[in-house]
Amino acid sequence: MGVAASDGKAEPVPDVVKAIPVRHPWRWVSAVTVALVAAWILKGMLGVVDPSTIRRYQLNGLIMKGLLLTVEISVLAQVIGIVLGVILAVMRLSKNPVTSTSAWIYIWLFRGTPVLVQLLFWFAAVPLAFKTFSIGIPFTNVIFYEEPMAQFMTPFVVALLGLGLNEGAYMAEIVRAGILSVDDGQVEAAQALGMTPVLTMRRIVLPQAMRVIIPPTGNEFISMLKTSSLASVVLLEELLRNAQGIYQTNLKNLELLIVASIWYLVLTTVASVGQYYLERRFARGAARELPQTPVQRLRRNLTFRRRAQVEE
Amino acid sequence: MPGSQPLVRAETVHKRFGLLPVLKGITMEVERGEVMVIIGPSGSGKSTFLRCINHLEKIDAGRIWVDGVLVGYREANGRIHELREREVAARRAEIGMVFQRFNLFPHMTALENVTSAPVWVKGMRRDEAGALARELLETVGLGDKLRAYPSQLSGGQQQRVAIARALAMDPKLMLFDEPTSALDPELVGDVLDVMKDLARQGMTMVVVTHEMGFAREVGDKLAFMDGGVVVEHGPPRDVLGAPRHERTRSFLSKVL
Ligand SMILES: Nc1ncnc2c1ncn2[C@@H]1O[C@H](COP(=O)(O)OP(=O)(O)OP(=O)(O)O)[C@@H](O)[C@H]1O
Ligand SMILES: [Mg+2]
């Protein structure tokens, strides 16, 4: 077979393909199976769970307070984790062996032990080890501010410390992978232009590392929203603890756990949407054209349809 | 006295990577306004030498001066002191470099690529840097691509942005490391034209290239490197037309 030359003219379009689409009978079978199983589970649930209780407590004041605290503690702990993560990642990549080893030990320690244990540790050990919280010059008697530790170590601070310090270790590995993903040529070009290492890291490397850092950070935050429920054991009155507080008096355990679960689902869903838009923003320059967001696609479809109707 | 001496002076520069000696005593002078072309087989140390000139690589022995100032070190009381990162950076800011693989910042538009260094390194006002960048991009023929990201530009366009980016720092010396080697043949001409214009305006340039036509037309001097040494140097016409060394001859017979 040879090549057909068309003298630079476009060939006429041959018959458009009109094929009968492939049938998928098994899709229908599996759909029916799933529907049956779901109906069976729902029926079983309705036997033991009272939906009206769920509805009554979904917007309960105590639940809403817990929800707010869950959001607060998750956001703050994640912020601490990100800041710590960036610092630790840069430290680990440092040429100074003392700096990189310290970071390595930190990550080893905090990733290697359960968060729950770490939370309980801060809760119990900190007030014992340091009787007071003070701001002053170390190893001297100069003190600017002092407070008994038990008071300063409110559940909120314990939870923030426990969750944030732990998150820092995970974020460090994520940020490090992001930094390593940036082409060496970028650093070289920045340095050749006279940028200092700090400037190069901040303006050239980290913004590009973001593309690799954002998706797993989104997952970390979604995970944090749920992990924050562990703070209930250090007496933080977040969503789960307040739900527990309610069912300890009214004994509606299942209903209140479902109430809490619904809120956790709402939070993680919102976080996922946020993650999607963040990823888009940091994909700038990587793809030739950004894909449209679902909202943009919807709007385009609607205008198309409207225009089509007008033309009809 | 600066002004009377060569802009670049390298004296018996040695460099090794681990146990592998890559530069074995390079001595070279580039006068102000001159174009020095370096040719040589792959692995002969051309890129390494170029990177030593702006201290992207540390040299193991010898000295390099740019504009009468020692590169990467300070001489005081007969002893050599290493410079701080900040001081090294300040000196690099006066030397432009263009890479084989462009190395544009992909998260910035063409305009931002060119304005970034003047603003962040020199503290130039943003509007001033913007006007300068616009002008430079116009002179390299990319006045209509200001808002394009590197991924939306062809290789030749990217390389011209990279040249504009280096020029925005108002360098006294430009280093080119095989600026056209990664380009499709039909895009090479545009980049070479920009470089020719630059040479004509009196920019001092050190150019590693395989473009013999460019070397002959624009080069004031040409050095042939092989195995970490300069085997032969002189006016491009002489070296390319009547090479004195066997190694030069056999290299040229392969590339011409
Ligand atoms: N960072 C490095 N670490 C170890 N070896 C290196 C490094 N950079 C370069 N080399 C080695 O040094 C030698 C010279 O490399 P260089 O890049 O200077 O050659 P070149 O003349 O520019 O070659 P080309 O024409 O292929 O670009 C090569 O053998 C290379 O493998
Ligand atoms: Mg090279």
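Naming convention: chains lettered A, B, ... in sequence-line order (proteins, then strands); numbering from 1 in each chain. Given the structure is predicted, the values throughout are model-derived calculations rather than measurements.
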* For B:Leu70 and B:Arg63, what are the C-alpha separation, side-chain angles and deciding distance, and is it a side-chain contact (heavy atoms from CB on, under 4.5 Å)? -> CA-CA 7 Å; B:Leu70 204 55; B:Arg63 299 267 198 287; 3.5 Å; yes
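Chain A is approached within less than 4.5 Å, heavy atom to heavy atom, by B:Arg51, B:Asn54, B:Leu56 from residues 51-61 of chain B, ordered by number.
For the side-chain contact (heavy atoms from CB on, under 4.5 Å) with B:Ile38, the lone residue among B:Thr209, B:Asp177, B:Val208, B:Val207 that qualifies is B:Val208.
Of all the heavy atoms in B:Gly96 and B:Ala166, the pair that sits closest is CA-CB, 4.1 Å. Summarising the geometry of B:Gln159 relative to B:Gln100, their closest heavy-atom pair is NE2-O, 4.0 Å, with the distance given to 0.1 Å. In terms of heavy-atom proximity, B:Val35 sits nearest to B:Ala199 at CG2-CB, 3.7 Å.
Geometric assessment of B:Lys15 against the ring of B:Phe17 yields a positive cation-pi assignment under the 6.0 Å and 45° thresholds.
How far CD of B:Glu82 is from OH of B:Tyr73: 5.5 Å, rounded to the nearest 0.5 Å.
Looking at B:Asp184, its side chain never comes within 3.5 Å of a backbone N or O of B:Glu186 through a donor-acceptor pair.
Contact of B:Leu104 with chain A is made through the backbone alone, with heavy-atom distances under 4.5 Å. Contacts between B:Phe99 and chain A at a heavy-atom distance below 4.5 Å involve the side chain alone, from C-beta outward. Using a 4.5 Å cut-off between heavy atoms, A:Leu193 contacts chain B through both its backbone and its side chain.
Note on B:Val121, B:Ile95, B:Val88: by heavy-atom pairs under 4.5 Å with chain A, the leading option is B:Val121.
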